[in-house]
Each structure stands twice: as C-alpha cells, then as structure tokens.
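Since the structure comes first, as structure tokens, the remarks are kept for the end.
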Amino acid sequence: MRCQRCHAKVDPGRKTCPTCGTVVRKRRGSVTLAPEVGGTKLQAALKKIGTRFDIDIDPKVVLLAIVIILALALFITFAQCNGCMSCKGCSSCDSCTSCASCGSGVSCASCGSCASCNSCASCGSCTACGSCSCGGSEQDEELSGGKGLLNAPALSNEYYHKGTLYYIDGNNLVALSDSGVVSIVAAASGMSSVYADDTNVYYLKDGSIWAAPITKPATISDDPDDRYAAKRILNATVSGSDAGVRAIYGYGITNGWICYWGPDRADSFVIGCKPLEGGAARVLNTGSYHMVQCYDGSVYFLGRDEADYGILYRIKLDTGEKTVVFNEKVYYFTLSQGCVYPITWINKTATLYRVNVDNGEVVRQWEIDELSGILANDSYIFYCVNDSRGGNIYRMAPDGTGRQNIFYDSSTIQLTGVCGKYFSLYTDLDMKSDKRYENAVYYVIDSANGEKIISRP
C-alpha cells in the first residue's frame, strides 16, 4: 500500500506513514488519511478533497474566499442603486420620498409619492427613476390641475384635482385634501360620475349634469336642495331637454367641452357635446355604442350594432370628425399618453395592444392571462386579473415596463376607478349570479400606503 499524501510505501501493519508520519487507515487495499483529532467535519472534507487531487487545502483560506465572493456579489447587486439603499419602498417607488438620490441626480424628496413617475414602477435598482418627473414641471402641472391626466378617462365616483380627492360617500360629495382635511362639497341622493376643475365639482344626478362650486358664496339659500349652491348646467329630463337626450347616462369634460351620451325621445342612443362655457349642444353620433370615454378633446367608444360590434371609434369634439381607431373586436379599452389600449379575446387568450390614436399604428402588444378589466391615467396602466386563486390588480408604466402587483383579494374583484394615487374597486363579486354585487364590498384605496379611504357594502 501507499500513503495518499506522499505516496511512500506503507506496510500493511503500520498505523503511520514512515516517510511523512501521517496517520493512515486501511480502505480496500489503499491508505486513506484519518481526520486529525479535534478537526471539524469541514476540515475533514477539505482534506479528503485535497488528498484526492494531491493538493494541500487550508480551510481558513477557503472560508475567507467564500466571504469575499459573497461581499462582491452584494456590492455588484446594490451598487447600481446609487445610494438608494435607504429607500424603504423603492421596489414600488410609492415611498421613494426617503430616497436620497434617484439614480439620475434628481432629488426624489420632492416627488411626494412618485405615483406619476412613468418608469418608477421598475425602480428595483432606482436607475429607472431617471425619467421621473419629480423635479420637473410636468408632475407639478398635473398635481396643480394642469391637464388633469392623473385620472382615468372613464369617470367614476372619485376624481383627483389640485391635491384633493373628491369622492361620493352615500349622499355626500366629499373633498379630502392631501393634508387630511375633509369637507362636504355637495349633498344629494343618486350622485355619480365625479369631475373637478379649478372652480367646480361636477356630478351626474337625475339624468342631468350638475356643478357645485368649490369655494362657496358668502350667502347661500336656506333651501336644503340649494345648501351647497349646486346648479344644473346641462338639463335632460323626461319633459324637456337642452342636450337633445331625455336622460344623460354618462359624460366627460375635456379641453373645454362637455361630452354626454344617453337615449333621445325616440329611444335612439346618441352622443353629443357642447362647450363648457356657453354655446349650443349638438349630436355627434347616433346608434348603439358602449364604453364611452373622453380624452384630450375627443370621445372614444365601441360600436354595438351587428355590423360594427366592438369596433373602436374616435370623434373629435371640435370638428365632429369620426374615424376608426382599431378595427378588431374590442372588449375593454383605456387611454394614456396619446395611445389607446384595446383588449381583444381570441381562443380564450386576452391580448392588450398599445395603439397610436392618430394613425392607428400598433406600437406594442402583450398577452395577459385572465385579464378582466383595464383603466389608466398618464402615469400608469392598471389592470385586473381574476383567476382560481383570487383577484389581483397590477400596474405598469404606459410602455409596459415595471409591472407590479398593488392589490390582492381572495375573491373575484372589479377595478372601477383610477384617480391620482387612489383606485377604487369591488371585492366579493358573484360572477355566476345576476345579483353579482349583492354581497360585494366597495373600497377606495391609497396605493401609496394601502390605506382604505372608503370601505362599505
């Protein structure tokens, strides 16, 4: 036999190598090194490896090398963040206010909640924050009123404007400022579809559009119906109408225009518009339609007649020009940053497209399983996915980057509104019943911290 360390010949009866003195033991005709007394299992294993390859291995050197490799890996991973390691919530960038430097030298401390940052949803390393408008004028313009693009084009029972969330809570139209101040703007039953500008908060009631001033006059009538100085600005009643319809089912306000839709006296469905300040109402479209949304001076809707079911149309409010934006059967759509996002279903697969509204060019498309609804503002695309595990709401930048899950519930859910950093939804829907909302719960949620502003059956 031979010693596996120095390869000297060892007599079968010896317990040590005559040349190097290594303690040996027999194993099927060969000599194997025995572990040193008091040695660890790691040391024994390393010695075994060294013996096999005829090399000396120092366990301390191996451990030091492992530590150095791990340290280098951690440094490479976090070095990209440019000092952003103090950012507590940088994976979602909703709490990026603690971020000392957002990767591009733009101070994120002025960002408030980073909810308008076009690429901040992918802020895992915070380098994507370079396109953040934290220190720029676009975000300031939006938050101060500007174009009002922090809200989805499809009006809901909530609207965000100039640092204030306006929402309907029972029979009250409530204003909630970013600083937490709560006030009542209007009070009436049956209010819906809220919109706000610098002067008024608008809402739909009794088939007509009403406006309540944000700043109340010094004297207000004692009449309970006029307690908040709300006035009907576009009349539609069964007895008569200045809007060309007998009831207004929905409306939108964009670029100085009011666009509205509903049935006329002959029960034909029409879409009409009138200037917000004076001017006569006129009809833009007659025929069946659904999913009407107003955006950037135009109205968009899906055809519902047999010949054009699901075709996406656009009508410019100033000229009345009507064009086809997307000539496939669309189930849902939303609008953001000059693009429309239609959804088609083929063979149980949902495909989401990004289409230029001016030329109809398909810029991008995605396949998303179990997609069941979509809304957007000019900062994020929000969409709902319901599967066997429950309901999820995701958001991503308008270009499709930075997808993240912002809400989960074990029940079936429906996304209903997007307004600034807030979104609204129903949970506990029974989609197999005609009374799907009977046991549903309605929430308005602050996406920055998950706080439920409203929670009611």
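All values below come from the heavy atoms of this structure, side chains included, with hydrogens, waters and symmetry mates left out.
Annotation for M396 and L352: closest pair CE-CD2, 3.7 Å, computed over non-hydrogen atoms. The two atoms that bring A280 and K274 nearest to each other are O-CB, 3.7 Å, heavy atoms only.
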Start with the C-alpha distance between N386 and S372, add both sets of side-chain angles, then the distance that settles side-chain hydrogen bond (donor to acceptor under 3.5 Å, both in side chains), and finish with yes or no. CA-CA 7 Å; N386 285 296; S372 58; 3.0 Å; yes
Let me see the working for S455 and V441 under side-chain contact (heavy atoms from CB on, under 4.5 Å), right down to the final yes or no. CA-CA 7 Å; S455 175; V441 181; 4.3 Å; yes
Just do the side-chain contact (heavy atoms from CB on, under 4.5 Å) check on N285 and V270 with the steps written out, would you? CA-CA 5 Å; N285 185 81; V270 301; over 6 Å; no
List the steps and the verdict of side-chain contact (heavy atoms from CB on, under 4.5 Å) for Y442 and N157. CA-CA 11 Å; Y442 179 74; N157 289 341; 4.2 Å; yes
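Without hydrogens or angle criteria, Y203 side chain to A212 main chain gives no donor-acceptor distance under 3.5 Å. Judged by distance alone, the side chain of N405 and the main-chain N or O of F407 form a donor-acceptor pair under 3.5 Å. A donor-acceptor pair under 3.5 Å links the side-chain atoms of D197 to the main chain of N200, judged by distance alone. Side-chain N or O atoms of R314 include one that pairs as donor or acceptor with a backbone N or O of V357 at under 3.5 Å. Here the side chain of D264 pairs a donor or acceptor atom with the backbone of S268 at under 3.5 angstrom.
Ring-plane geometry between Y394 and Y383 is classed as parallel, the angle between the planes falling under 30 degrees on a 0 to 90 degree scale with a further cut at 60. Classified by interplanar angle (parallel below 30°, tilted 30° to 60°, perpendicular above 60°), the ring pair Y422/Y160 is tilted.
Side-chain contact of H161 with D198: a donor-acceptor pair under 3.5 Å is present, judged by distance alone. Under the 3.5 Å distance criterion, with hydrogens and angles disregarded, no donor-acceptor pair is assigned to the side chains of R354 and Q365.
Within a 6.0 Å sphere centred on CG of D305, other residues, nucleotides and ligands contribute more than 12 heavy atoms. A 6.0 Å sphere centred on CZ of R456 holds more than 12 heavy atoms belonging to other residues, nucleotides or ligands.
The cationic group of R304 does not satisfy the cation-pi geometry with Y289, failing either the under 6.0 Å distance to the six-membered ring centre or the 45° limit from the ring axis. A cation-pi arrangement is present between K322 and Y313, with the terminal nitrogen or guanidinium carbon under 6.0 Å from the aromatic centre and inside a 45° cone about the axis.
In this structure, the ring of Y166 has its center no less than 6.0 angstrom from the ring center of Y159. Residues Y309 and H290 bring their aromatic ring centres within 6.0 Å. Ring centers of F333 and Y341: at least 6.0 Å apart, outside the cut-off.
Just one of C259, C294, C273 meets the side chain to side chain contact (heavy atoms under 4.5 Å, CB included) condition when paired with T254; it is C294.
A salt bridge links D387 with R389; the closest basic N to acidic carboxylate O contact falls under 4.0 Å. Under 4.0 Å is where a charged nitrogen must lie from a carboxylate oxygen, and between R364 and D399 no such pair does.
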